[in-house]
Protein chains: 2
Amino acid sequence: MSSLRSLDENLISHIPPFRKLERVDVREILDAATPKRFSAGQTIFEEHETAERFFLLLDGHVRVIRTTAGGDQVIARHIVSGELMGIAPAIGRTTYPASAVAIDDCLVLFWPTNLWSTFVEKYEGFATETYKTVGERISEANNHILELATQQVEQRVARALMRLAIQSSRTTDEGMEIDFPLTRQNISEMTGTTLYTVSRLLSAWEKQGIVTSGRKKVVVTDMGKLKSLADLDPMANS
Amino acid sequence: MSSLRSLDENLISHIPPFRKLERVDVREILDAATPKRFSAGQTIFEEHETAERFFLLLDGHVRVIRTTAGGDQVIARHIVSGELMGIAPAIGRTTYPASAVAIDDCLVLFWPTNLWSTFVEKYEGFATETYKTVGERISEANNHILELATQQVEQRVARALMRLAIQSSRTTDEGMEIDFPLTRQNISEMTGTTLYTVSRLLSAWEKQGIVTSGRKKVVVTDMGKLKSLADLDPMANS
DNA sequence: CGAATAGGTTGTTCTAGCACAAACTTCGCC
DNA sequence: GGCGAAGTTTGTGCTAGAACAACCTATTCG
C-alpha cells in the first residue's frame, strides 16, 4: 500500500506513451500498476506463455530472447529503462512472442493485459505513441534481416556494438562503456555468429584501439572507426 | 464514376479487416476507395517515399523489397490478394518502410492515408484486425531473423518454398505450383543466398522428386519431404 | 582459501556456400 | 524465324567463418 502510494508521477510522466497525459491520468495509471523487482538472471516472461500482463521497465536492462527447436538462442533486442515490453495485446496476440530476462537487477511496473484496451481508448496519445514504438520495432527487425542477409560477420558485430553503445552506455574516460554485462556469447547471439569469432574480432579491434574489453564488459573507444567498419561495403573492392 | 459504382461489396466484405462490418459501412469504404491497375513489374510504392496512401490488393501478387546501401536487394515478403499493404500509418510512420512491386498484373484499391484514423475510429473491428495483421508480420520478421541466424541455406530455402506453396499456389496434377513467376534470383533474395546455390538445390531436389521447376516456375511435388528438409536440425548429427 | 564454474583466448582444421566463368535454354519481339 | 535478353545450369576455385580443442583467467561460493 505504502509502496504503491510512493510511486512518483515523475517516474513515468516523461516516457513517450504517457508524455501527453494529464497529471490525473498519470496518477490513475500508476494506481493501477504493480511494481516488481527482478534480480539479474530472472525471467520476466516466457515465450508462448499467455500474455497476462504488459510491462514498463523503470530501471535495469532486459534481454529479449527467442529459442529455436534446435536449442539455439537468438537475442532479438535489449530493453532499457523507460521502454514498454510484453505488449502482445498491442499486436493482437494473446501470447508473448519472445522471452524476457533481467540482465541486471530490474524494477518494472506491470498492468493486467485487459487494461490495455482501456489505456488505448481512455488516454489520448497512448495509442499513437505505442504504435509508433511497434513501428520502430518492426523497422529494427527488418534492418536486422537486411544485415543478416547481406553483411559480413565483422560488419554485423560492429553495428551491434554501435547500437548498444548509443542505446545504453555511460561515458567514461576510456570511451563509451556499455552499461550492462555483455559476454562474447551474448554478442554472438545478437549477430548470428559464434562466440569464437566475436572474441577474435574484439581482440583485433582492441589492437587497433577501437574498443577495450574485458570479462562481460565492452568499451567503445573509437566510435568513428567502429562506424567505418560497420559501413564498409564488402562489394566495393573495385 | 461508373467504374467506382461497379465495385461490388463482396469484393472486400470477406476480408478480415472488413469482415465484421455492416453492409453500409462496407459501401462507405468502397466509395472512398480508388481502384487502380498495375501491370507486371510496375512499382506500387517506394521505400522512404511519403506514405500518402494505403492499399488493399484485390488481385495479383506483390513483392515487398528492401535495398541496401551496397545495392543488394532483399525480399521481405509477398503480398497476395486480400491483404493490406503500405499501412505505414498503422505503425506511426509517415514513410513507407519498403518498396512494393507488382509481380504480375495487379488490381488494388487505395485510400488516402488520412482516412486511416477514420477507419480505425469509425469501423468496429477494423483496428483490432489490422493490428493482428501487424502482429503477424512482426512474428514473420522475427522468425526470418531466427532462420537467418541459425539455419543452413538448404533449410532456409526449403522453408521459403514451403511458405510460398502454402500461401500462394494452385494444385495441379504435379503438385503445388507456386502461382506467380518466381526466379532462382528471387528465391535467393528471400533467403539471403545466391542464385547459384538455389539453382543447385532445386536441381538436387528435382532428382529426389521433391520439386519440379522450370523457368520462373516452381512446383512442390512432395511437401512431406520438403518439410523434413526444412525441419532438419543441423546439430542433430550424434 | 581453494575448488568449481563461467567466461575468454587462440591455434588448427575443415567445409558450406560464395565468386566467377562459361555455356545452355526459353521467351518475347521486331 | 532469328536475335537478344532474361533466366538457368554446372564446373572450378577459394575463403569466411564454423567446429573443435586446449588452455587460461576471473569470480563465486562452500
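Lettering follows sequence order; numbering is per chain, from 1. What you see is a predicted model, and the numbers here were worked out from it, not measured in a lab.
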Roughly how many Å is it from CD in B:Gln155 to C1' in C:dA16, rounded to a whole number?
13 Å

For the side chain of B:Arg200, counting heavy atoms from C-beta on, which of D:dG11, D:dA16, D:dG7 is nearest?
D:dG11

Base, sugar-phosphate alone, or nothing: which one does A:Arg215 contact when heavy atoms must sit under 4.0 Å apart?
base

Contact class for B:Leu195 (heavy atom, under 4.0 Å): base, sugar-phosphate, or nothing?
base

Kindly say if B:Arg184 contacts the phosphate of D:dG7, meaning a side-chain N or O under 4.0 Å from OP1 or OP2.
no

Using a cut-off of strictly less than 4.0 Å, decide whether B:Thr197 has a side-chain nitrogen or oxygen near OP1 or OP2 of C:dC18.
yes

Carboxylate-amine/guanidinium proximity below 4.0 Å for B:Arg163 and B:Glu147:
yes

Value in whole Å for how far the C1' atom of D:dT8 lies from CG of B:Leu182:
13 Å

Any side-chain N or O of B:Thr194 less than 4.0 Å from the OP1 or OP2 oxygen of C:dC18?
yes

Starting at NZ of B:Lys216 and ending at P of C:dC27, how long is that distance when rounded to a whole Å?
10 Å

Does A:Glu83 come within less than 4.0 Å of A:Arg77, counting only side-chain N to carboxylate O?
yes

Taking 4.0 Å as the cut-off, does a side-chain nitrogen or oxygen of B:Ser203 come that near to OP1 or OP2 on D:dT10?
yes

Whole Å only: how far is the OH atom of A:Tyr196 from the P atom of C:dC14?
17 Å

Rounded interatomic separation in angstrom, taking CG from A:Leu148 and P from C:dG17
15 Å

Do A:Glu52 and A:Pro112 make a side-chain contact, defined as non-hydrogen atoms from C-beta onward lying under 4.5 Å apart?
no

Between A:Thr113 and A:Arg53, is there a donor-acceptor pair closer than 3.5 Å when you use the side chain of the first and the backbone of the second?
yes

Could you say whether A:Glu154 or B:Gln185 is positioned toward the 5' end of DNA chain D, judged by the nucleotide with the nearest heavy atom to each?
B:Gln185

Which nucleotide wins on minimum distance to the side chain of B:Thr193, given the candidates D:dT9, C:dG17, C:dG8?
C:dG17

Using a cut-off of 6.0 Å, state whether more than 12 heavy atoms not belonging to B:Lys225 lie near its atom NZ.
yes

Please state how far atom CD in A:Gln151 lies from atom P in C:dC18, giving the value in whole angstrom units.
15 Å

Could you please name the option among C:dG17, C:dT10, D:dT8 that lies closest to any side-chain atom of B:Gln152?
C:dG17

Interatomic distance where CG belongs to A:Leu202 and P belongs to C:dT10 [whole Å]
11 Å

Whole angstroms only, please: what is the CG-C1' distance between B:Asn186 and D:dT8?
13 Å

